[in-house]
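Worksheet: one structure, shown below.
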Amino acid sequence: MKIKRVKIEIKGLNEALKEAGVVFERLSKGEHIQKKTAIYFSNLKEMRKVLTEKRLELLKIIKDKKPSSVYELAKMVSRDIKNVLEDLTYLQELGLVEITKTKNKKIPYVDYDKIAFEVAI
């Protein structure tokens, strides 16, 4: 079984601009660039604001218990459904969770096995 990972990086603006410059230079030379998918934060403080314990708990529960709806997920974590839905919507915008909408419910889904953190020093 292949393990799917989501990469989350903390990278300062200068480093991000330097990397973008290298990519642009390689592209202008006609080189092929491998697509790099990751979620970036400028510092650890910003990452902690986004990836709170409650949001990470939602991801873990979705992966492990596969709730059949947002309502069921909210019951599993003993939280208000409105707050769970807000967190899920935000995690969906980041690409960390998928939500399938059916006629009567919304079903959360996580399509990876691990989250890898990388911090530039």
Side-chain angles (χ1 to χ4, degrees):
M1 175 177 102
K2 185 176 179 183
I3 295 177
K4 292 184 180 181
R5 296 179 187 187
V6 171
K7 190 172 186 180
I8 296 177
E9 293 186 37
I10 297 173
K11 190 182 290 190
L13 179 60
N14 288 338
E15 185 179 350
L17 291 173
K18 182 179 176 184
E19 186 176 301
V22 170
V23 169
F24 180 75
E25 186 177 318
R26 289 183 63 197
L27 285 172
S28 66
K29 292 178 182 177
E31 294 180 32
H32 175 73
I33 305 293
Q34 185 177 4
K35 183 179 176 183
K36 184 177 178 182
T37 304
I39 299 169
Y40 297 98
F41 295 97
S42 59
N43 58 54
L44 190 57
K45 183 178 178 182
E46 292 301 316
M47 185 190 79
R48 286 184 178 156
K49 284 182 186 177
V50 173
L51 297 176
T52 64
E53 279 188 49
K54 288 186 177 189
R55 289 179 182 152
L56 290 173
E57 177 189 27
L58 290 177
L59 295 175
K60 177 101 172 104
I61 297 287
I62 293 167
K63 182 67 180 173
D64 292 346
K65 299 194 177 183
K66 298 174 180 32
S68 62
S69 67
V70 173
Y71 176 75
E72 183 180 2
L73 175 62
K75 284 182 11 182
M76 288 176 175
V77 294
S78 302
R79 290 181 56 198
D80 182 80
I81 190 169
K82 178 181 175 267
N83 295 333
V84 169
L85 190 55
E86 285 176 358
D87 280 348
L88 287 176
T89 301
Y90 192 61
L91 291 168
Q92 183 182 28
E93 290 172 4
L94 290 172
L96 292 174
V97 69
E98 294 179 33
I99 300 174
T100 304
K101 296 177 184 179
T102 66
K103 187 176 181 180
N104 300 323
K105 59 186 174 181
K106 295 178 180 180
I107 305 166
Y109 178 72
V110 171
D111 187 28
Y112 51 86
D113 302 303
K114 292 187 177 197
I115 295 177
F117 292 96
E118 187 173 300
V119 180
I121 55 172

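Only heavy atoms go into these numbers, but all of them, side chains included; no hydrogens, no water, no symmetry mates.
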Please report the closest heavy-atom contact between Pro67 and Ile62, naming both atoms and the distance.
CD-CA, 3.7 Å

Quick check: closest heavy atoms across Ile81 and Ala74, and the distance to 0.1 Å?
CA-CB, 3.8 Å

Could you give the distance from [atom1] ([X]) to [atom2] ([Y]), rounded to the nearest 0.5 Å?
X      : Y      : atom1 : atom2 : value
His32  : Leu27  : NE2   : CG    : 10.0 Å
Leu96  : Leu58  : CG    : CG    : 11.5 Å
Leu94  : Leu51  : CG    : CG    : 7.0 Å
Ile99  : Lys105 : CD1   : NZ    : 14.0 Å
Phe117 : Ile8   : CZ    : CD1   : 4.5 Å
Tyr40  : Lys7   : OH    : NZ    : 6.5 Å

Is there a side-chain contact between Leu85 and Lys106 in this structure, where contact means two heavy atoms from C-beta onward sitting under 4.5 Å apart?
yes

Beyond-backbone contact of Ile39 with Met47, side-chain heavy atoms, under 4.5 angstrom:
no

Assess the residue pair Lys54 and Asn83 against the criterion (side chain to side chain contact (heavy atoms under 4.5 Å, CB included)); give the C-alpha distance rounded to whole Å, side-chain angles, the decisive distance to 0.1 Å, and a yes or no.
CA-CA 10 Å; Lys54 288 186 177 189; Asn83 295 333; over 6 Å; no

Using the side chain to side chain contact (heavy atoms under 4.5 Å, CB included) rule, take Lys18 and Asn14 through it: C-alpha gap first, then chi angles, then the decisive distance, then the call.
CA-CA 6 Å; Lys18 182 179 176 184; Asn14 288 338; over 6 Å; no

Linked, directly or transitively: [X] and [Y] (ILVMFWY side chains, under 4.5 Å):
X      : Y      : result
Met76  : Ile107 : no
Val110 : Ile115 : yes
Leu73  : Leu56  : yes

Just do the salt bridge (charged side-chain N to carboxylate O under 4.0 Å, His left out) check on Glu46 and Lys49 with the steps written out, would you?
CA-CA 5 Å; Glu46 292 301 316; Lys49 284 182 186 177; 3.5 Å; yes

Around atom [atom1] of [X], are there more than 12 heavy atoms from other residues, nucleotides or ligands closer than 6.0 Å?
X     : atom1 : value
Tyr71 : OH    : no
Lys63 : NZ    : yes
Glu31 : CD    : yes
Lys75 : NZ    : no

Before giving the answer on side-chain hydrogen bond (donor to acceptor under 3.5 Å, both in side chains), spell out for Ser68 and Glu72 the whole-Å C-alpha distance, their side-chain angles and the decisive distance to 0.1 Å.
CA-CA 6 Å; Ser68 62; Glu72 183 180 2; 2.5 Å; yes

Tyr90 and Val50: CA distance, side-chain angles, deciding distance, side chain to side chain contact (heavy atoms under 4.5 Å, CB included) verdict:
CA-CA 9 Å; Tyr90 192 61; Val50 173; 3.4 Å; yes

Would you sort out whether Leu59 and Tyr112 count as a side chain to side chain contact (heavy atoms under 4.5 Å, CB included), showing the intermediate values?
CA-CA 10 Å; Leu59 295 175; Tyr112 51 86; 3.6 Å; yes

